[in-house]
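These figures come from a predicted structure and were not determined experimentally. For reference, positions follow the sequence shown, starting with 1.
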Amino acid sequence: MPTFQYEAMDNTGLEVKDTIDAASEQEAQARIREKGFYVTKIKEKGGGKKTKADGKTKGDGKTQVDAKKKPARKKKGGGFSIGGVSGKKLCTFTRQLSTLQDAGLPILRSLRILEGQCKPGPLKTSLIGVIDDIESGSTLSEAMAKQPKAFDNLYVNMVKAGEAGGALEVILQRLAEFKERSESLKRKVKGAMIYPCAVITVATLIVGFIMYYIIPKFKKIFDDFGTELPGITVVLIQCSDNVVNYWYLGPVIPFALWLMVKIIKKNKTGAFIVDWIALKIPLLGLIFRKSIIARTCRTLGTLVASGVPILEALAITRDTAGNAVFYKAYEHIIAAIREGESMAIPLRETRTVDEIVVNMVDVGEETGALDTMLYKVADVFDEEVGVLVEGLVNLLEPLMVVVLGLIVGFIVIALFMPLIKLLNDLS
């Protein structure tokens with residue numbers, strides 16, 4: 001009876017190499033599946049040279065590859081990559097991994113399938129690293145923690161909670177839903193701001209073209225005729241001269257301001273001041289604040305629902321808030337809970353959220369449904385952010401028309417006043 005050499009994975013995702021006697025390859029695969037293994041490679045013994053792997057013999061006679069002695073896996077592409085993984089790609093990966101886990105595939109096989117269909121880039125490189133670490137004996141969360149470009153602290157801790165509770169597929173589903181909601185809100189905000197940004201950019205370029213090329217020609221005409229210019233025309237020509245002489249300040253000033261804010265935010269106090277000012281900007285500040293509340297509530301709710309301890313969940317939420325004011329608020333909440341207080345009281349003391357958020361959290365703690373209440377708060381504030389963004393766009397459209405009308409009117413009047421005076425003098 002022929003002997004077949006095979007490579008397979010057990011239910012925990014560990015690789016197994018062994019031999020089996022069977023009449024045919026199909027019978028061999030069937031007998032291997034009966035042992036609870038997933039076949040990845042099989043061939044008849046003697047069909048070619050094959051290095052025998054060092055292994056450990058388990059109690060049931062199965063030979064398991066020793067991870068320390070197993071040859072290093074050959075990487076199929078990837079390599080060094082610049083930048084992080086985009087939210088959209090990570091969202092798609094999480095949903096696909098959740099689907100494969102729900103179908104009952106071992107985690108290592110699921111990761112290999114997803115890595116194989118990835119295009120070269122940061123995600124593929126990270127997945128190769130994760131697969132190699134798991135083959136070396138690491139858990140999924142430990143392997144993901146070594147790939148910060150793809151998997152942040154929130155992602156790693158949720159996977160860790162899923163592994164501890166034996167419900168990784170459920171946690172991945174929640175994580176996929178969380179990522180999809182977050183990406184949906186980002187797309188909504190970015191999509192609404194495309195039109196105003198495009199109009200402002202085009203208007204700035206047109207006005208810059210007029211000031212740089214057109215106004216100097218009129219200035220030459222006025223100088224040739226020696227016409228006395230009215231004050232409004234003098235102001236326009238001075239603006240044009242500044243644009244011609246210092247045009248490079250146009251891109252330099254915004255970049256310098258951006259760089260200055262970045263440097264200031266390196267300091268803890270400076271970051272707090274900058275973020276506090278951002279939250280106080282009319283309308284925009286309200287959008288920032290509500291979007292942060294929605295994101296942090298959804299993050300905290302997802303972590304609590306996944307079984308992450310409340311203090312650890314609050315620490316992760318604090319680190320993903322993205323605002324120094326909310327970071328300080330969550331530090332205060334964590335300190336209060338360590339002293340035995342409930343979450344609602346210190347949350348009210350921070351004065352960073354609306355009273356409805358505090359009341360919902362209070363009810364959630366009393367009823368033991370904190371995650372559900374946090375989800376509801378996040379849904380409400382997501383909707384409010386959408387309404388505010390739409391209102392901002394509707395406000396910007398007439399405002400831009402008025403501002404552009406004033407600029408164009410100023411230029412036309414400033415140019416035609418000396419022309420009219422010149423025509424009157426000539427007549």
Would you check if [X] and [Y] make a side-chain contact, meaning some heavy-atom pair closer than 4.5 Å?
{"X": "Asp102", "Y": "Gln173", "value": "yes"}
{"X": "Leu111", "Y": "Ile107", "value": "yes"}
{"X": "Trp247", "Y": "Asn242", "value": "no"}

Just wondering, are more than 12 heavy atoms of other shown residues or ligands nearer than 6.0 Å to [atom1] in [X]?
{"X": "Glu397", "atom1": "CD", "result": "yes"}
{"X": "Glu312", "atom1": "CD", "result": "yes"}
{"X": "Tyr213", "atom1": "OH", "result": "no"}

Any carboxylate oxygen within less than 4.0 angstrom of a Lys/Arg side-chain nitrogen, looking at [X] and [Y]?
{"X": "Lys124", "Y": "Glu115", "value": "yes"}
{"X": "Asp382", "Y": "Lys290", "value": "no"}
{"X": "Glu355", "Y": "Arg348", "value": "yes"}
{"X": "Asp241", "Y": "Lys219", "value": "yes"}

Side-chain donor or acceptor of [X] paired with backbone N/O of [Y] under 3.5 Å:
{"X": "Asp354", "Y": "Ile356", "result": "no"}
{"X": "Thr94", "Y": "Leu90", "result": "yes"}
{"X": "Glu341", "Y": "Ile345", "result": "no"}
{"X": "Thr233", "Y": "Ala414", "result": "yes"}
{"X": "Thr302", "Y": "Arg298", "result": "yes"}
{"X": "Asp362", "Y": "Val358", "result": "no"}
{"X": "Asp371", "Y": "Val304", "result": "no"}
{"X": "Glu183", "Y": "Cys91", "result": "no"}
{"X": "Thr125", "Y": "Gly121", "result": "yes"}
{"X": "Glu142", "Y": "Thr139", "result": "yes"}

> Out of Asn323, Asn267, Val261, which residue meets the side chain to side chain contact (heavy atoms under 4.5 Å, CB included) rule with Val274?
Replying inline: Val261
Non-hydrogen atoms of [X] and [Y] that approach each other most closely:
{"X": "Ala203", "Y": "Leu404", "result": "CB-CD2, 3.3 Å"}
{"X": "Leu229", "Y": "Pro418", "result": "CD2-CB, 3.8 Å"}
{"X": "Pro196", "Y": "Met400", "result": "O-SD, 3.8 Å"}
{"X": "Arg289", "Y": "Phe326", "result": "CG-CZ, 3.9 Å"}

> Run the side-chain contact (heavy atoms from CB on, under 4.5 Å) check on Leu175 and Ser98 step by step: do they pass?
Replying inline: CA-CA 9 Å; Leu175 194 52; Ser98 168; over 6 Å; no
>> Run Phe416 and Phe218 through side-chain contact (heavy atoms from CB on, under 4.5 Å) and show every step you take.
In response: CA-CA 10 Å; Phe416 273 84; Phe218 277 90; over 6 Å; no
> Quick one: which of Arg95, Arg174, Arg187, Lys88 gives a salt bridge (charged side-chain N to carboxylate O under 4.0 Å, His left out) with Glu180?
Replying inline: Arg95
> Quick one: is the NZ or CZ of Lys328 closer than 6.0 Å to the six-membered ring centre of Phe272, and within 45° of its axis?
Replying inline: yes
> Which distance, rounded to the nearest 0.5 Å, do you find between the CG of Leu105 and the CD of Glu169?
Replying inline: 12.0 Å
> Yes or no on side-chain hydrogen bond (donor to acceptor under 3.5 Å, both in side chains) for Gln117 and Gln96, after CA distance, side-chain angles and deciding distance?
Replying inline: CA-CA 11 Å; Gln117 68 184 25; Gln96 291 175 340; 3.0 Å; yes
> Is the Tyr248 ring parallel, tilted or perpendicular to the Tyr246 ring (thresholds 30°, 60°)?
Replying inline: perpendicular
> Just by distance, with hydrogens left out, do Thr350 and Thr352 show a side-chain donor and acceptor under 3.5 Å apart?
Replying inline: yes
